[in-house]
Amino acid sequence: MTDSSEEILREPPAAGSETDTLLGSLERERAIFAWKCGGLDAKGLSATVGASSMTLGGLLKHLALVEDYYFGHKLHGREYGPPWDTADFDADPDWEWHSAADDTPEDLYALWEGAVTRSRAAVAEALAGGGGMAQLGKFAWPDGRSPSLRRILIDLIEEYSRHNGHADLIRETVDGVVGEDPPG
């Protein structure tokens with residue numbers, strides 16, 4: 001695969017380009033997350049571990065928000081679409097985590113999958129523009145700096161890696177599923 005290919009890598013290449021390595025890493029983390037959350041009913045998606053209130057349903061909704069935030073907002077400067085555009089984050093800064101309990105498994109899976117699809121399209125659009133990994137996003141921190149596409153991808157890989165650890169523990173309590181990689 002080359003940097004301009006639209007094929008989705010399922011893991012990073014052993015010795016690929018920077019773009020393929022970062023995109024492959026992100027896709028691998030997404031695949032692990034999808035496996036850890038996959039096939040569960042409402043009870044499975046609402047299970048918790050120990051003292052934590054974190055659920056797989058909450059993780060699905062949270063990571064859908066993160067996908068839209070990083071690639072829609074930070075990279076392209078786009079406004080949020082549904083359901084984020086009507087959420088009252090001032091009243092409940094953790095709205096996505098709390099409201100997930102009211103969503104069906106089908107809605108949660110569709111929300112996350114839709115966000116991933118939008119993110120892939122947003123990255124492909126950015127790469128087609130020719131700026132490569134060094135291009136800056138439309139978002140700026142208070143000091144005026146803007147993150148590069150490279151930094152945005154690394155931040156999202158880090159976000160998935162952290163939450164995949166949570167998903168491992170929660171899923172094991174639901175039905176005993178353990179492991180690092182999806183079967184096959």
Side-chain angles (χ1 to χ4, degrees), residues 8 23 26-27 29-126 135-149 151-171 173-174:
I8 298 170
L23 292 176
L26 178 55
E27 289 300 337
E29 293 299 325
R30 284 174 174 154
I32 292 168
F33 181 71
W35 173 50
K36 291 297 178 173
C37 294
L40 294 175
D41 60 12
K43 183 178 178 185
L45 290 178
S46 64
T48 61
V49 173
S52 175
S53 62
M54 188 179 295
T55 66
L56 292 173
L59 280 169
L60 280 163
K61 199 162 190 177
H62 171 70
L63 285 170
L65 172 61
V66 170
E67 291 270 2
D68 283 338
Y69 175 66
Y70 277 77
F71 295 120
H73 183 69
K74 275 189 164 182
L75 181 60
H76 288 290
R78 296 180 179 138
E79 295 296 320
Y80 290 110
W84 323 121
D85 58 345
T86 58
D88 188 353
F89 287 103
D90 290 332
D92 184 359
D94 292 326
W95 176 84
E96 77 275 20
W97 293 98
H98 300 143
S99 65
D102 300 325
D103 297 326
T104 67
E106 295 79 18
D107 288 343
L108 290 168
Y109 292 130
L111 182 66
W112 179 74
E113 290 166 0
V116 168
T117 297
R118 287 188 297 280
S119 293
R120 287 178 180 139
V123 171
E125 177 187 340
Q135 68 186 283
L136 299 180
K138 304 294 187 221
F139 170 86
W141 284 296
D143 65 5
R145 293 177 304 139
S146 293
S148 67
L149 175 55
R151 169 66 186 266
I152 291 169
L153 283 166
I154 289 171
D155 285 351
L156 199 59
I157 292 165
E158 179 184 77
E159 184 84 8
Y160 269 99
S161 296
R162 179 174 49 255
H163 288 314
N164 277 341
H166 300 129
D168 281 341
L169 295 172
I170 298 169
R171 183 62 187 251
T173 67
V174 171

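All residue numbers in this chain count up from 1 along the given sequence.
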Practice item. Show your reasoning for whether side chain to side chain contact (heavy atoms under 4.5 Å, CB included) applies to L111 and L60. Key: CA-CA 8 Å; L111 182 66; L60 280 163; over 6 Å; no
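- The salt bridge (Lys or Arg N to Asp or Glu O under 4.0 Å) search around D85 returns none, not counting sequence neighbours.
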What donor-acceptor contacts under 3.5 angstrom involve side-chain atoms of residues 42-52, with partners at least two apart or in another chain?
from	atom 1	to	atom 2	distance (Å)
S46	OG	A42	O	3.0
S46	OG	K43	O	3.1
S52	OG	M54	N	3.0

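- Shown here for S146 and L136, the closest heavy-atom pair between the two residues is O-CD2, 3.4 Å.
- Side chains of E27 and Y160: a donor-acceptor N/O pair is absent below 3.5 angstrom, by distance only.
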Exercise for review: Mind running side chain to side chain contact (heavy atoms under 4.5 Å, CB included) on L40 and R171 for me, showing each step along the way?
Suggested key: CA-CA 9 Å; L40 294 175; R171 183 62 187 251; 3.6 Å; yes
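- Atoms CD and NE2, on E29 and H163 in that order, are 12.0 Å from each other to the nearest 0.5 Å.
- By the 4.5 Å heavy-atom criterion applied to side chains, H62 and E159 are counted as neighbours.
- The nearest pair of heavy atoms linking R30 to E67 is NH2-OE1, 2.7 Å.
- Here the shortest heavy-atom pairing between F139 and P147 reads O-CD, 3.5 Å.
- When side chains are defined from C-beta on, Y80 counts as touching L65, because their heavy atoms get closer than 4.5 Å.
- Of all non-hydrogen atoms in G57 and A100, the two that sit nearest each other are O-CB, 3.6 Å.
- We find the CD-CZ distance between E125 and R118 to be 13.5 Å, quoted to the nearest 0.5 Å.
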Point to revise | side chain to side chain contact (heavy atoms under 4.5 Å, CB included) between I170 and T55, intermediate numbers included | key: CA-CA 7 Å; I170 298 169; T55 66; 5.6 Å; no
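- Across all non-hydrogen atoms, the minimal contact from C37 to Y109 is O-OH, 2.6 Å.
- Cation-pi check for K74 over Y70 is met; the charged atom lies under 6.0 angstrom from the ring centroid and within 45 degrees of its normal.
- In terms of heavy-atom proximity, F71 sits nearest to A122 at O-CB, 3.8 Å.
- W95 meets the side-chain contact (heavy atoms from CB on, under 4.5 Å) test with K61, P83, W84, A87, F89, D92, S99; sequence neighbours excluded.
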